[in-house]
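Heads up: the structure comes next, in structure tokens.
Here the structure is a predicted model, which means the values were calculated and not measured. Just so you know, ligand 1 is whichever comes first in the structure, and atom 1 is the first atom listed for that ligand. This chain uses plain numbering: 1 for the first residue, then up along the sequence.
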Amino acid sequence: MIKVCKFGGSSLADAEKINAVCDIVAADPERRIVVVSAPGKRDRSDRKVTDLLIRCAEAALAGESHESALSAIAERFAAIGRDLNLSPSVAESVEKDLRARLAGDKTHRARFLDSLKAAGEDNCARLVAAVLHGRGLDARYLNPGDAGLLLSDEYGNAQLLPESYDNLAALRSAKGITVFPGFFGCTRDGGIVTFPRGGSDITGSILAAAVKADAYENFTDVDSVCAMDPDLEPGIRPIPHLTYREMRELSYAGFGVLHDEAIVPAVQAGIPIRIKNTCAPDAPGTLITLSRQDVTGHPVGIAYTGGFMSILVFKYLMNREIGFGRRALQIIEEEGLSFEHMPSGIDSLSLILREADVDETAEKRIVERFRNELGATECTVERGLALVMIAGEGMVHHVGVAATAARALADAGVNIEMLDQGASEISIMFGVKAADAKKAVRALYRAFFEGTES
Ligand code: ASP
């Protein structure tokens, strides 16, 4: 039996947490592959090492002094090292590593940035391997490039190259405990490239799939996935079991517990994922698998995420015009954009995009192109949208779910700007004004969960 376990930044924020991580690893000999994030926040006012690294890299790119950012990062590692009674050389080598990265080629901005961003996970993995080793365990750090974790050269947003699976399969028979830094891999030409933020979850899932692990344990700072963001209200109902599809939809729509792209490798290889709490490792957590027995047609979770915009395109007889949709999407493609959703009617379609991707100039250009090239009679843009999603297997075919949700939103005074139930069988998505999102989520939670047993 082999388990891949991944520890998030909050589980590695200080020496005490790192000791707890090592206790968890040492407690189960099946935990043979350990994936780590960079040290995260120690409290709400703290900064994540990755954020400090980005600040440091940006200062260097702007030709400004990066010394204060660099010493803040080096000091984070030095303090952890001191509290863990590690040799001072550990902290020294972190600083040396950071200086070497900072001296690297700055002509390719994104590549330079990724090389710095990866330093948090890389140094943390070396440190955790040293602590495990110090406890007498047969543990070693493994560099993702040496292991053959090959990624596309989309800096800051990399995707897995499929040959990685064959390269990484050998890890199954590696002796002892392998400590593997999350979040980054190598391009085919040997450069360092990172996944999107929060991407250590993706690394863990890829390794679990590559070694055909019996489980992928994802350790974080909550006991389990909850039916709604637990920061919104106390006492939110925990979810003991989710399907991959439910978790994928809820992660996409804002459940930060697991990166939405981390589901895919595990699904493809059929690896069960378990979300667990580093501070309460014996709590059952949330299990994520292909199916679950207790499907009721009731939503299991309600998520929300902001930062969206819609472009509504209207033209009479759109339904009769062959190729309209293709040409609309071609314009989006030519603008270098990807769309998130596309609800449509007989004479209209809405394109939902991430607003950070579309600046004012691009927005103007797209509107003009829709009018001129597609003959749209109306083309209106709305920014500041949030997506609110209810998800649950079997829910869409259950009578009354959409009606209950719409009524709850209406009673809370939330206007539904967009509704998308179409293609996904397990979720209903509402576009609302960002300012209404939390109110909407609370109202939906009350409608579906209040009075039900937790
Ligand atoms: N350290 C990276 C971040 O803060 C990746 C991760 O934690 O998964 O986004």
Side-chain angles (χ1 to χ4, degrees), residues 4-14 17-18 21 33-58 69 72-74 76-77 80 94 97-98 101 110-128 141 143-145 149 151 154-160 179-186 192-208 216-222 225 247 251-252 254-266 273 275-278 305 307 356:
V4 172
C5 47
K6 179 260 166 182
F7 295 90
S10 56
S11 304
L12 297 149
D14 59 26
K17 294 272 177 60
I18 291 178
V21 163
I33 298 179
V34 178
V35 177
V36 298
S37 288
K41 292 183 180 187
R42 289 160 291 189
D43 53 54
R44 277 182 189 261
S45 63
D46 199 13
R47 302 197 66 172
K48 292 179 172 191
V49 162
T50 308
D51 292 328
L52 294 171
L53 285 161
I54 292 171
R55 200 173 68 183
C56 185
E58 281 174 347
I73 303 158
R76 278 294 298 273
F77 279 98
I80 294 173
V94 173
D97 172 64
L98 294 176
R101 289 173 198 255
R111 188 171 165 139
F112 176 78
L113 197 63
D114 270 13
S115 147
L116 259 294
K117 276 156 72 185
E121 272 69 12
D122 205 20
N123 285 291
C124 189
R126 290 176 198 273
L127 196 141
V128 169
Y141 156 87
N143 181 279
L149 176 54
L151 307 181
E154 296 161 275
Y155 293 93
N157 197 23
Q159 302 199 57
L160 183 71
V179 185
F180 200 101
F183 190 37
F184 74 95
C186 242
I192 292 174
V193 62
T194 68
F195 288 119
R197 292 297 304 270
S200 299
D201 286 341
I202 309 174
T203 309
S205 186
I206 291 168
L207 292 184
Y216 172 29
E217 295 179 319
N218 192 291
F219 284 89
T220 176
D221 53 4
V222 289
V225 180
M247 191 68 221
S251 300
Y252 169 85
F255 274 25
V257 156
L258 187 72
H259 197 288
D260 65 304
E261 292 179 26
I263 304 288
V264 182
I273 304 174
I275 307 291
K276 288 175 85 68
N277 190 347
T278 308
T305 179

Which atom pairs, nitrogen or oxygen on both sides, join ligand 1 and the protein at under 3.5 angstrom?
unit_1   : atom_1 : unit_2 : atom_2 : d
ligand 1 : 1 (N)  : T50    : OG1    : 2.7
ligand 1 : 1 (N)  : E121   : OE2    : 2.6
ligand 1 : 4 (O)  : T50    : OG1    : 3.4
ligand 1 : 4 (O)  : R197   : NH2    : 2.9
ligand 1 : 7 (O)  : S37    : OG     : 3.2
ligand 1 : 8 (O)  : G198   : O      : 3.4
ligand 1 : 8 (O)  : G199   : N      : 3.4
ligand 1 : 8 (O)  : S200   : N      : 2.9
ligand 1 : 8 (O)  : S200   : OG     : 3.0
ligand 1 : 9 (O)  : R197   : NE     : 2.7
ligand 1 : 9 (O)  : G198   : N      : 2.8

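Between D14 and K17, none of the side-chain N atoms (NZ, or NE/NH1/NH2) sits under 4.0 Å from a carboxylate O, so this pair counts as no salt bridge. We find that R42 and D46 are joined by a salt bridge, their nearest charged nitrogen and carboxylate oxygen being less than 4.0 Å apart. Between D122 and R126 there is a salt bridge, since a side-chain N of the basic residue sits under 4.0 Å from a carboxylate O of the acidic one.
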key: Chi angles and distances behind the side-chain contact (heavy atoms from CB on, under 4.5 Å) call for L160, L149   = CA-CA 8 Å; L160 183 71; L149 176 54; 3.6 Å; yes
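If you run side-chain contact (heavy atoms from CB on, under 4.5 Å) between V35 and each of I202, L207, V179, only L207 comes through. The one candidate from S11, S10, S200 that meets the side-chain hydrogen bond (donor to acceptor under 3.5 Å, both in side chains) condition with S37 is S200.
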